[in-house]
There are 2 protein chains.
Amino acid sequence: MAASTLTEVARLAGVSPATASRVLNGSARIPGKDIAVRVRQAAESLGYIPNAQAQGLAKSSSGLIGLIVHDIADPYFSAIARGVQEAAREQHKMVLLATTEGAPESEKEAVGAFAARRADSIVIAGSRTSRVEDRDGNAELAAELDRYCRNGGHVGVIGHGIVGATAADGYHVVSVPNEELAAQLATELAASREDFVIIGGPEGLFTSDDRIRGFQRGLAVAGLPAADVIRTDFNRAGGFEAGLALAARITASQPRTETKRLCIFAVNDVMAIGAAAALRSQGLRVPRDAAVAGFDDIETLRDFRPALSTVHLSLEEIGRQAASRAAGPSADDAGSPPITGQVILRRSTEVAHPSSAES
Amino acid sequence: MAASTLTEVARLAGVSPATASRVLNGSARIPGKDIAVRVRQAAESLGYIPNAQAQGLAKSSSGLIGLIVHDIADPYFSAIARGVQEAAREQHKMVLLATTEGAPESEKEAVGAFAARRADSIVIAGSRTSRVEDRDGNAELAAELDRYCRNGGHVGVIGHGIVGATAADGYHVVSVPNEELAAQLATELAASREDFVIIGGPEGLFTSDDRIRGFQRGLAVAGLPAADVIRTDFNRAGGFEAGLALAARITASQPRTETKRLCIFAVNDVMAIGAAAALRSQGLRVPRDAAVAGFDDIETLRDFRPALSTVHLSLEEIGRQAASRAAGPSADDAGSPPITGQVILRRSTEVAHPSSAES
DNA sequence: CGGTATTGGGAAAGCGCATTCCCACTGCGT
DNA sequence: ACGCAGTGGGAATGCGCTTTCCCAATACCG
């Protein structure tokens with residue numbers, strides 16, 4: 001038994017499909033009161049549900065907003081997803097999800113799928129890259145997005161714009177002041193004049209590179225030498241691996257009293273957590289033996305001990321803004337405030353308490 | 001400039017729309033080699049993207065799978081979402097997301113929206129409830145789902161079936177052995193013969209109630225008295241609140257040496273984390289002053305210290321199964337193994353080390 | 001070599017709805 | 001009383017595609 005159609009409803013109500021359409025879905029023309037009631041009753045008794053596909057075809061707009069993330073289970077992305085979802089609800093649209101593991105080819109594919117579904121707008125989260133091996137992929141992605149925009153689509157990119165995308169209109173980027181915030185973090189951390197080391201993602205990842213650059217700048221401003229940079233995977237495992245290497249370095253430079261404490265800045269929270277776990281696994285303590293700081297202020301990680309110093313980013317707001325900017329030429333574009341963040345110093349970077357130092 | 005259509009492609013290639021359709025989208029009939037090439041070239045040069053809405057209309061199937069969760073940013077749900085997403089990818093479908101905060105009315109609404117979009121299947125995650133105030137909502141939800149199924153839809157429910165849903169075919173539930181696993185957890189924890197207390201969600205939440213019941217049963221089997229149950233919200237804040245109350249209870253019963261240590265079982269990990277945080281905020285230590293156990297084994301929480309004893313659930317697999325079961329009458333239904341879990345005892349419930357006890 | 005399968009392409013009929021016309025009817029002005 | 005704008009409803013067209021159904025051309029059979 002297939003779902004009932006508008007025509008059936010119309011027949012039951014004894015009116016034409018046109019009239020039924022007018023009463024059931026918002027139209028400029030509102031039929032007479034009594035007839036409206038009849039139609040509504042008929043629809044109710046038939047359990048009529050409008051076919052959104054047909055509506056979309058007729059009106060050429062789908063009420064869909066596409067969201068592209070690396071991995072929906074990653075708290076960073078799921079927080080953004082929540083924001084997008086909220087914006088979607090406000091716009092009376094639904095969100096269509098695509099996960100890509102960050103590969104430009106999959107992203108291109110996802111954009112194509114969204115375009116096929118005639119999504120009204122597309123939000124792309126996840127770090128853009130400038131890696132050589134991604135060049136072709138990025139170019140194709142840019143081309144696909146370009147076509148999508150030319151066909152009337154709107155896209156909101158989080159972080160950096162797509163490399164090579166022409167600044168078509170309908171193309172908005174919500175930029176995150178990664179560099180500035182990282183610099184700020186470095187400034188605040190620099191007060192303790194420790195040895196700094198940065199755990200970064202693979203070279204070419206904009207988010208990672210920006211944060212590294214900012215942190216180095218902050219250090220420089222404070223008159224400190226540039227920090228070593230360890231390149232690793234942009235996830236917990238990468239942080240863990242780097243942490244292991246650093247643990248060895250720390251242990252080797254015994255006795256500790258002769259060297260300054262190491263302060264580790266991981267370019268995101270999950271990497272920082274990984275690094276901290278690695279240190280602990282080697283018998284080292286945070287912040288006693290090393291300070292650790294992250295970036296993002298992931299909500300689920302706030303109960304981590306020692307509490308992680310980090311840079312707070314309102315991921316949800318970022319997602320929401322990307323979605324509402326892309327929504328259309330409403331006043332939103334100018335109205336929404338730029339994204340900001342705040343350095344949050346917690347226990348993981350506290351300077352060793354003199355009295356608690358080993359006697 | 002609107003996207004180009006199949007007809008345009010056909011005209012450019014000098015063939016009929018029918019032929020173009022046959023070559024560009026999988027059809028039973030495959031046109032001649034040379035003609036296929038021509039059509040493909042034309043499509044390429046025009047940047048043709050099939051209109052999925054029109055396809056859906058014509059084929060009456062959308063390639064969409066709807067996912068309903070309480071909150072996509074909750075790690076529990078995002079893990080499930082990942083599984084669903086994977087299954088969707090295998091089925092060459094896309095997932096449509098809806099978040100409902102767990103309100104049956106919103107869920108009903110979401111089902112309606114999915115039905116309107118002619119989603120091929122719907123996956124509902126999130127605890128079902130039997131609360132009185134939700135009775136009407138549940139009934140409506142059940143009716144809506146029923147209608148959806150009758151119209152050929154397939155639904156996969158995670159955990160308990162919807163209250164009042166008739167067992168239409170196309171209706172699958174992936175059941176999670178919450179009760180058994182909780183009982184097992186209790187059994188293993190019972191060895192230490194402590195005082196037990198359970199932090200549960202609001203009464204009527206199946207997931208919560210099942211876990212409570214199972215835990216009590218495990219306790220009973222071990223010959224221990226039933227544990228007190230504190231009812232609170234099914235989230236971190238609820239756990240924190242309950243933790244605060246318990247901290248007061250623990251502190252009041254000083255000196256500790258006279259009473260057994262308290263073992264707190266929170267019905268999910270985030271509540272457990274909240275409780276642990278509350279205890280710590282009151283100067284209590286886990287596991288020294290109280291043991292804490294959770295449920296779910298949320299990935300992001302694995303680095304929590306002290307490591308949380310819990311019951312591992314492969315959320316991703318659960319999501320995947322729900323999606324593939326609902327996918328269709330393929331052999332999957334019988335083929336997929338039932339969901340299992342494992343009790344994992346970690347540091348948070350370790351028995352106090354005799355030597356580390358206060359002398 | 002005639003006749004019947006078989007192949008390969010096109011014409012046309014929808015899929016379910018929105019919407020533009022068009023038409024019958026009412027109420028108003030002068 | 002006539003013509004006018006205005007109102008409320010229906011017929012018909014098209015959104016972009018799939019899919020019968022149909023027809024011509026080829027292949028194959030005895």
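Out of C:dA18, D:dT18, C:dG10, the shortest distance to the side chain of B:Thr19 is found at C:dG10. Out of C:dT19, C:dA11, C:dA18, the shortest distance to the side chain of A:Ala18 is found at C:dT19. Comparing C:dC17, D:dA11, D:dT18 by their nearest atom to the side chain of A:Ser16 picks out D:dA11. Listed nucleotides: C:dG16, D:dC17, C:dG9. Nearest to the side chain of A:Ala54: C:dG16. Checking C:dC17, C:dG10, D:dT18 against the side-chain heavy atoms of B:Val15 singles out C:dG10 as nearest.
When each of B:Arg22 and B:Leu57 is assigned the nucleotide of DNA chain D bearing its nearest heavy atom, the one mapping closer to the 5' terminus is B:Leu57. With the nearest nucleotide of DNA chain C identified for both B:Ile35 and B:Ala58, B:Ile35 has the one nearer the 5' end. Each of B:Ala20 and A:Thr7 has a nearest nucleotide on DNA chain C; the 5'-most of these lies closest to B:Ala20.
One atom, NZ of A:Lys59, and another, P of C:dT19, lie 7 Å apart when rounded to the nearest Å. The interatomic distance linking B:Leu6 (CG) with D:dG14 (C1') rounds to 16 Å, in whole Å. Note: CG (A:Leu24) to C1' (C:dT19) measures 16 Å, nearest angstrom. Summarising the geometry, the separation between CG on A:Asn51 and P on C:dG14 is reported as 18 Å, rounded to the nearest angstrom. Nucleotide C:dG16 holds its C1' atom 14 Å from the CG atom of A:Leu46, rounded to whole Å. When the P atom of C:dA11 is taken as reference, atom CZ of B:Arg11 falls 13 Å away, rounded to whole Å. As a whole-Å value, the separation of B:Asn151 CG from C:dG16 P is 11 Å. Distance, A:Lys33 NZ to D:dG9 C1': 18 Å, rounded to whole Å.
Regarding contacts with the backbone of C:dC17, every side-chain N or O of A:Ser21 stays at 4.0 angstrom or more from both OP1 and OP2. Between A:Asn25 and the phosphate of C:dA18, there is a side-chain N or O to OP1/OP2 separation shorter than 4.0 Å. Dashed line: the shortest gap from a side-chain N or O of B:Gln55 to OP1 or OP2 of D:dT18 is under 4.0 Å.
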* To do: Applying side chain to side chain contact (heavy atoms under 4.5 Å, CB included), run through A:Thr100 and A:Val69 and close with a yes or a no.
  => CA-CA 6 Å; A:Thr100 62; A:Val69 299; over 6 Å; no
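More than 12 heavy atoms of other residues, nucleotides or ligands sit less than 6.0 Å from atom CD of B:Glu86. Within a 6.0 Å radius of CD in B:Glu44, other residues, nucleotides and ligands contribute 12 heavy atoms or fewer.
Among all heavy-atom pairs drawn from B:Met94 and A:Leu97, the shortest one is CE-O, 3.7 Å.
At the heavy-atom level, A:Thr5 lies under 4.0 Å from the strands shown only through sugar-phosphate atoms. Within the nucleic acid shown, A:Pro17 has no heavy atom closer than 4.0 Å to any nucleic acid atom.
Between B:Phe77 and B:His70, the ring-plane angle classifies as tilted under the 30° and 60° cut-offs.
Under 4.0 Å is where a charged nitrogen must lie from a carboxylate oxygen, and between B:Glu144 and B:Arg147 at least one such pair does.
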